Number of protein chains: 2
Amino acid sequence: MSGLAEIARAAGVSISTVSRVLNRRAGVNEETRQRVLSVLSEMPYTPRGLGALQRTGVIGLLVPELSNPVFPAFAEALEVRAARLGYSSLLCNTRATGSAAMGEEEYVRMLLARGVEGMVFVSPEITNVEVPLGRAPRPSYYAKLLADGVRMVFVNGATPSLDVPDVTVDEQHAGYAATRHLVELGHRRIGFVSGPARSLPSRLKRAGWSAALEEDGLPAGSEYVAHAPFGPEGGAAAVAALLDAVRPTAVICSSDHMAIGVLREAHRRGLAVPRDLSVVGFDDIPLASYCSPALTTLAQPIEEMATAAVDELAHRLDPDRRRRPAGNYTRVFRPRLVVRESTAPPPPS
Amino acid sequence: MSGLAEIARAAGVSISTVSRVLNRRAGVNEETRQRVLSVLSEMPYTPRGLGALQRTGVIGLLVPELSNPVFPAFAEALEVRAARLGYSSLLCNTRATGSAAMGEEEYVRMLLARGVEGMVFVSPEITNVEVPLGRAPRPSYYAKLLADGVRMVFVNGATPSLDVPDVTVDEQHAGYAATRHLVELGHRRIGFVSGPARSLPSRLKRAGWSAALEEDGLPAGSEYVAHAPFGPEGGAAAVAALLDAVRPTAVICSSDHMAIGVLREAHRRGLAVPRDLSVVGFDDIPLASYCSPALTTLAQPIEEMATAAVDELAHRLDPDRRRRPAGNYTRVFRPRLVVRESTAPPPPS
DNA sequence: GTCACGCCGGCAAGGTTTTGCGGTGACCGC
DNA sequence: GCGGTCACCGCAAAACCTTGCCGGCGTGAC
């Protein structure tokens, strides 16, 4: 029952004025315009005649960033699968750097207004346990979307409290398997080059890492963990801190992207990988096998995950089978250890 | 002047029927419904009530692929600039692999139907001189868009015959500068690891390459050029062919992405870079400085180019200054030689 | 052959949005 | 203080879309 009249009443202006705001016509005071727009964002306005846009064949893909190649890889895999199912994809980069950049929530609004039928969130904002001030999605943000009937699927966005289907790698197992690999090679001082502390995936990997270490009574204290921003620079900084402090003979990393920075920092210090330092990455980005040395890493099954995510979304979009037996909405994929050249037994101390 | 009447006429049905389709009411044959919908996608329908969408603040970004990190980098830079100007961006990956994937033209249609105000094409399809059969944009494709008043800007899409503003690097100069750098180091057999022959940028680089070689009377025949698909695999394959045939002491590459494959293939063959083989890339992707050895490359000024492109588009979107003095629509940026570790004088033969 | 039924067009009433026009008030120069 | 100008906004007419109703047409069943 939303119409101009209701908007007008809420904004305390006439219908004409709302219409003019909507049509960006001149003759409306900026202040009034803002008031109308703010009302409009509270109660999204869907003109009549937009019925056709209900079934648009378009879905939204939200990724946190593009500089880590794993996200373009996910985007491409999701897109290919979506195309096969007859959907076209709109990609949004939700955490683009730059002060004026838009956040996830703004993008979701925009996509909805553009008539997408559903969305796939890759590493959604909610996995930031403490989101930075001012950018925080209100607690009810995703819940509100759900209540509005927005169809969505998370990829690597584990959120037990939310009734959103989730396709995820077992991050904890990834941390565990990477660390076991190093332990079995004989390493005893194994560091963790971690992303920011607020990142849930990094926390889960850390849990796996410490579990693997404690099995053999190896040190798993916080002095063996270095947090840094995602990206090669962060990886380099984190491993530098670890090397200066506890001199690990091996490190695992939150991502291949960070691991690349680790490789670089080791090179800069004259440390040979894997002779002096073993490195394990995560994700298995396409470039991992092209590094020198080629990265040992835990592979996310990107295509399988993308397929599962898009299929689940398509399933929920299909008007015929919209209801679904309440059940396990989470699909967990096991990462796969890919041993390449960046790991070896530790140097004889 | 779009209204239900026009749609109805084009679809050969009555206004009532169109309205019923739009509102998903029963009593319309599926076949008729499809016909109306297809007309609707041809001439995007903007109900009066949709005036809000006339000025949507949304622009489309079309990139050919995401696996070469230069494209995510461009996308991010474009997006940041657009956000600063109050636009949000929708990203489309126009040449996603997979048979069912959508092409550039389909994406453009879809974006238009979703109400974008303008578009930035990065390396548009038109730069494929001979596009593969079946995917060919009809000759009039871009011209038709222009005639329809679609606002667009090309990045690296030099097309003198089309009245589209273009922001581009000087590809020919890039090829020239890279080759000169190698010539000055003393190389005399310099190969070109090129993308597909149909790629215009690769052709331009080749022109620069041969110009630089001919200045010194060095060989610039086609036996020194190896074409391969873009990507590391292509780079590896192309350099393998060159090494087997003419044994160059240095190569330049169509992209850093290909150069990474060259590095890998050299490593595989036990050739040390730069001792046995010098390599020059193009683009200066963020990872170029993290390779081992770090890549010498020609840097595209990505941020400046993105800024110029978005600003030009915004300028054309601004209703107040829509007209523009007819003039030079092309901005050419000089690539910058960044010397790192992958080039050195040739081995003493 | 007849009937039922689904589908579509025409019409008109009713609702919604757009837009031309005029009123109001702020501001400015005199 | 006065009149003029201008931006801004509401009124109301016009334009447009939705929807119910009915009739025509073709198809297929009986």
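Note that this is a predicted model, so its numbers are computed, not measured. A, B, ... follow the sequence lines: proteins, then strands. Residue 1 opens every chain.
In this structure, CD of B:Glu6 is placed 16 Å from C1' of D:dA15, rounded to the nearest angstrom. Between A:Ile7 atom CD1 and C:dT16 atom P there is a gap of 13 Å when expressed in whole angstrom units. We find that CD1 of B:Ile15 is positioned 14 Å from P of D:dA15, with the value rounded to whole Å. The distance from atom CZ of A:Arg35 to atom P of D:dC8 is 13 Å, rounded to the nearest whole Å. As a whole-Å value, the separation of A:Arg9 CZ from D:dC9 C1' is 19 Å. Between A:Leu4 atom CG and C:dT17 atom C1' there is a gap of 6 Å when expressed in whole angstrom units.
Considering only side-chain N and O atoms, A:Ser19 lies under 4.0 angstrom from the phosphate OP1 or OP2 of C:dT18. Here A:Asn29 reaches the OP1 or OP2 of D:dC8: one of its side-chain N or O atoms lies under 4.0 Å away.
Residue B:Val13 is in sugar-phosphate contact alone, with no base atom involved, counting any heavy-atom pair closer than 4.0 Å across all strands shown.
Side-chain to base pairing of A:Arg20 with D:dG10: one donor and one acceptor N or O lie within less than 3.5 Å of each other. No hydrogens or angles were tested; on distance alone, a donor-acceptor pair under 3.5 Å links the side chain of A:Ser16 to the base of C:dT19.
In this structure, a donor-acceptor pair under 3.5 Å is present between the side chains of A:Thr17 and A:Ser14. Side-chain atoms of A:Tyr142 and A:Glu104 include a donor-acceptor pair closer than 3.5 Å.
Under the 3.5 Å distance criterion, the side-chain polar atoms of B:Arg33 are left unmatched by any main-chain donor or acceptor of B:Val21.
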Inset, instruction - Walk me through it: do B:Thr168 and B:Asn156 pass the test side chain to side chain donor-acceptor pair (under 3.5 Å)? - result: CA-CA 4 Å; B:Thr168 189; B:Asn156 287 338; 3.2 Å; yes

